[in-house]
Novice: 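One structure, pasted below without further comment.
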Amino acid sequence: MRRANPARATELPLSICYRCPRSHIALVKSIFPYIPIEAAPDAIEGIIHQIESKDIEKLVKHGDIIIARKTAPLVSLCIRLISQGIKATVKGRDVGDFLKKELDQIAKLPGYSFKFFNDAVAQYREIKLQQYLNLDNEDELKQRLADRLEAIATIYQSQTHATSIESLKYYIDELFSDENSPVTLSTIHKFKGGEGKRIFVHKAGDMPMVWRNQRDWQLEQEQNLLYVALTRSKSELFIVGECDWYKPPSGFASDAPNVANTALTQSTQCANTATDSLTTDKQISTSNAVTEPENDDYFPLCRQAREELDKELTPIFKNSNSRAKFIKTGLTQLSQAMVRRSRTERQTTRQ
């Protein structure tokens, strides 16, 4: 028997996601085909980008959320953003409090001196590792410890004027917050239930985490965290770094074709300008017009285009030699085309 609905409430099926764009849901379904989830009928298409960590500063905007599986990469990135004048905090004072407790434990080591802080951290790590030996979740505990100590090491290295543990703890209070900031960084655990227009999944390759003697339920939890990460965005999803669960359709990062097209358009404009200049230069002979284009240094504006291309294509072609070869081939072809055009125009003028 169908129950009455006196409140006349709209029933929303749990299998329909009213937050995520279609492309994001398609990615989730490709990774988790057994999970019944569909995009809402009026969902937007959305965008998925794959970028490198070094590009975050150039792309991040006010209101963006950056999430990651581990704490240490977030701490490192947050410090990086702050150094670039970007206001950012790591979500969760309790996370910072946990790091401060680790610092207190380090300070209690026999013979501790802040002057030899790195040695004290190494000693503390060995003590903890000995405590974890032969435990059922030994590898999991080791990974968590490594994450916390890496975060502490990053904070210590960034605070070159710190003179005590208290100095580091004060900075941790500044770094971690429960309030939203212009750019908020958060572990996926802390961001469960959260959402944002633009979400950056930092260190994508860290998910799902696996370790020796990992149990089925633990792996399932790690997969659940990946699911959570991919279903937080309402518009744009930035996958930072390479991972096994996502491959861009084109073979490059989804932003790469746009970057390349922009750069090539700029170079074409430079080439056209050079052609216009060439048609009015009566000192250039017909024989020179045929032979000189083999060297793209012949046109000063092409040199400018080459520099712009090198800058814009770096995210696509990591190898500088491959990048230079690609640029030289493209500009040579442009040079040859514009000389042919110039020659044709001169012949037309003579006739």
Novice: Taking all heavy atoms of Pro21 and all of Gly46, pick out the closest pair and write down the distance.
Specialist: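 Looking at all heavy atoms of both residues, the closest pair is CB-CA, 3.4 Å.
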
Novice: To the nearest 0.5 Å, tell me how far Lys203 NZ sits from Arg69 CZ.
Specialist: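 Between atom NZ of Lys203 and atom CZ of Arg69 there are 14.5 Å.
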
Novice: Decide, yes or no, whether a salt bridge links Lys169 with Asp104 under the criterion of side-chain N to carboxylate O below 4.0 Å.
Specialist: yes

Novice: Do His49 and Leu59 have side-chain heavy atoms sitting under 4.5 Å apart?
Specialist: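 No, too far: nothing below the 4.5 Å cut-off.
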
Novice: If you measure from the Lys or Arg side-chain nitrogens to the Asp or Glu carboxylate oxygens, is any gap between Asp64 and Lys61 under 4.0 Å?
Specialist: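 No salt bridge links Asp64 with Lys61.
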
Novice: When rounded to the nearest 0.5 angstrom, what distance separates OH in Tyr132 from CG in Asp139?
Specialist: 12.0 Å

Novice: Ala162 and Ser167: which non-hydrogen atoms are nearest, and at how many Å?
Specialist: CB-CB, 3.8 Å

Novice: For atom CG of Asp216, is the number of surrounding heavy atoms from other residues, nucleotides or ligands below 6.0 Å larger than 12?
Specialist: no

Novice: Okay, side chain of Ser233, backbone of Lys197: is any donor-acceptor separation there less than 3.5 Å?
Specialist: yes

Novice: Enumerate, atom names and distances included, each donor-acceptor pair closer than 3.5 Å involving a side-chain atom of residues 108-126, sequence neighbours excluded.
Specialist:
| from | atom 1 | to | atom 2 | distance (Å) |
| --- | --- | --- | --- | --- |
| Ser113 | OG | Lys115 | N | 3.3 |
| Tyr124 | OH | Glu102 | OE1 | 2.4 |

Novice: Using side chain to side chain contact (heavy atoms under 4.5 Å, CB included), reason through Val201 and Arg232 one step at a time and then give a plain yes or no.
Specialist: CA-CA 10 Å; Val201 181; Arg232 299 304 95 193; over 6 Å; no

Novice: Could you check if a side-chain atom of Phe98 sits within less than 4.5 angstrom of a side-chain atom of Thr71, using non-hydrogen atoms only?
Specialist: no

Novice: Among the clusters formed by ILVMFWY side chains lying less than 4.5 Å apart, do Met209 and Val240 turn up in the same one?
Specialist: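 They do not share one cluster, since no chain of ILVMFWY contacts under 4.5 Å joins Met209 to Val240.
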
Novice: Using a 4.5 Å cut-off between side-chain heavy atoms of Ile, Leu, Val, Met, Phe, Trp and Tyr, which other residues end up in the same hydrophobic cluster as Val210?
Specialist: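 Cluster partners of Val210: Leu219.
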
Novice: Can you check whether Ile31 reaches Leu230 side chain to side chain, under 4.5 Å on heavy atoms?
Specialist: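 Yes; the side chains approach each other to less than 4.5 Å.
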
Novice: Between Leu133 and Gln130, is the side chain to side chain contact (heavy atoms under 4.5 Å, CB included) condition met? List the steps.
Specialist: CA-CA 5 Å; Leu133 280 177; Gln130 287 298 318; 3.3 Å; yes

Novice: With heavy-atom distances below 4.5 Å as the criterion, would you say the side chains of Leu77 and His202 are in contact?
Specialist: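 Answer yes - side chains close enough.
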
Novice: Please indicate whether Lys100 has more than 12 foreign heavy atoms, meaning atoms of other residues, nucleotides or ligands, lying under 6.0 Å from its NZ.
Specialist: yes

Novice: Do Leu175 and Ile56 sit in the same hydrophobic cluster, where Ile, Leu, Val, Met, Phe, Trp and Tyr count as joined when their side-chain heavy atoms come under 4.5 Å apart?
Specialist: yes

Novice: Side-chain contact, heavy-atom cut-off 4.5 Å: Asp97 with Phe176?
Specialist: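 The answer is no; the side chains never approach within 4.5 Å.
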
Novice: Are Tyr34 and Met207 in one and the same hydrophobic cluster, where Ile, Leu, Val, Met, Phe, Trp and Tyr link if side-chain heavy atoms are under 4.5 Å apart?
Specialist: yes

Novice: On a heavy-atom basis, which atom in Asp178 and which in Gly92 lie closest, and how many Å separate them?
Specialist: OD1-CA, 3.4 Å

Novice: Say you draw a straight line from CD1 of Ile152 to CG of Leu168; how long is it, rounded to the nearest 0.5 Å?
Specialist: 8.5 Å

Novice: Using a 6.0 Å cut-off, check whether atom CZ of Arg80 has over 12 heavy atoms from anything other than its own residue.
Specialist: yes

Novice: Going from CD1 on Ile47 to CZ on Arg198, what distance comes out if it is rounded to the nearest 0.5 angstrom?
Specialist: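 Taking CD1 in Ile47 and CZ in Arg198, the distance rounds to 9.0 Å.
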
Novice: Taking all non-hydrogen atoms of both residues into account, name the closest pair between Ala204 and Gly241 and its distance.
Specialist: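 For Ala204 versus Gly241, the nearest heavy atoms are CB-O, 4.3 Å.
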
Novice: Does the side chain of Arg19 come within less than 4.5 Å of His24's, by heavy atoms?
Specialist: no

Novice: Examine Tyr170 and Ile155 and state if one hydrophobic cluster contains both, with Ile, Leu, Val, Met, Phe, Trp and Tyr joined whenever side-chain heavy atoms are less than 4.5 Å apart.
Specialist: no

Novice: How many angstroms lie between atom CD1 of Ile44 and atom OG of Ser23, to the nearest 0.5 angstrom?
Specialist: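 Going from CD1 on Ile44 over to OG on Ser23, the span is 8.0 Å.
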
Novice: Mind checking whether Tyr227 and Phe32 have parallel, tilted or perpendicular rings, split at 30° and 60°?
Specialist: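 Answer is perpendicular, since the angle exceeds 60°.
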
Novice: Evaluate the criterion side chain to side chain contact (heavy atoms under 4.5 Å, CB included) for residue pair Ile48 and Leu27; output intermediate values, then yes/no.
Specialist: CA-CA 9 Å; Ile48 299 176; Leu27 173 59; 4.0 Å; yes

Novice: Using the rule that two of Ile, Leu, Val, Met, Phe, Trp, Tyr join whenever any of their side-chain heavy atoms come within less than 4.5 Å, decide whether Trp211 and Leu225 are in one cluster.
Specialist: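 They do not share one cluster, since no chain of ILVMFWY contacts under 4.5 Å joins Trp211 to Leu225.
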
Novice: Show, in sequence, the C-alpha distance, side-chain angles and deciding distance for Val228 and Ile67, and conclude whether the side chain to side chain contact (heavy atoms under 4.5 Å, CB included) test is met.
Specialist: CA-CA 10 Å; Val228 169; Ile67 57 178; over 6 Å; no

Novice: If you measure from CG on Leu74 to CD1 on Ile66, what distance do you get to the nearest 0.5 Å?
Specialist: 8.0 Å

Novice: Considering all heavy atoms of both residues, which atom of Arg22 and which atom of Pro41 are nearest to each other, and what is their separation?
Specialist: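 It is NH2-O, 2.6 Å.
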
Novice: When you compare the side chains of Ser181 and Thr89, does any donor N or O come within less than 3.5 Å of an acceptor on the partner?
Specialist: yes

Novice: On a heavy-atom basis, which atom in Asp147 and which in Ala72 lie closest, and how many Å separate them?
Specialist: OD1-N, 2.7 Å

Novice: Got more than 12 heavy atoms from elsewhere within 6.0 Å of CD, Glu174?
Specialist: yes

Novice: With heavy-atom distances below 4.5 Å as the criterion, would you say the side chains of Gln105 and Lys128 are in contact?
Specialist: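 Heavy-atom side-chain distance check fails, nothing below 4.5 Å.
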
Novice: Looking at side-chain heavy atoms only, is the closest gap between Arg215 and Asp136 below 4.5 Å?
Specialist: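 Yes, side chains in contact.
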
Novice: For Glu57, I'd like to know if atom CD has over 12 heavy atoms of other residues, nucleotides or ligands within 6.0 Å.
Specialist: yes

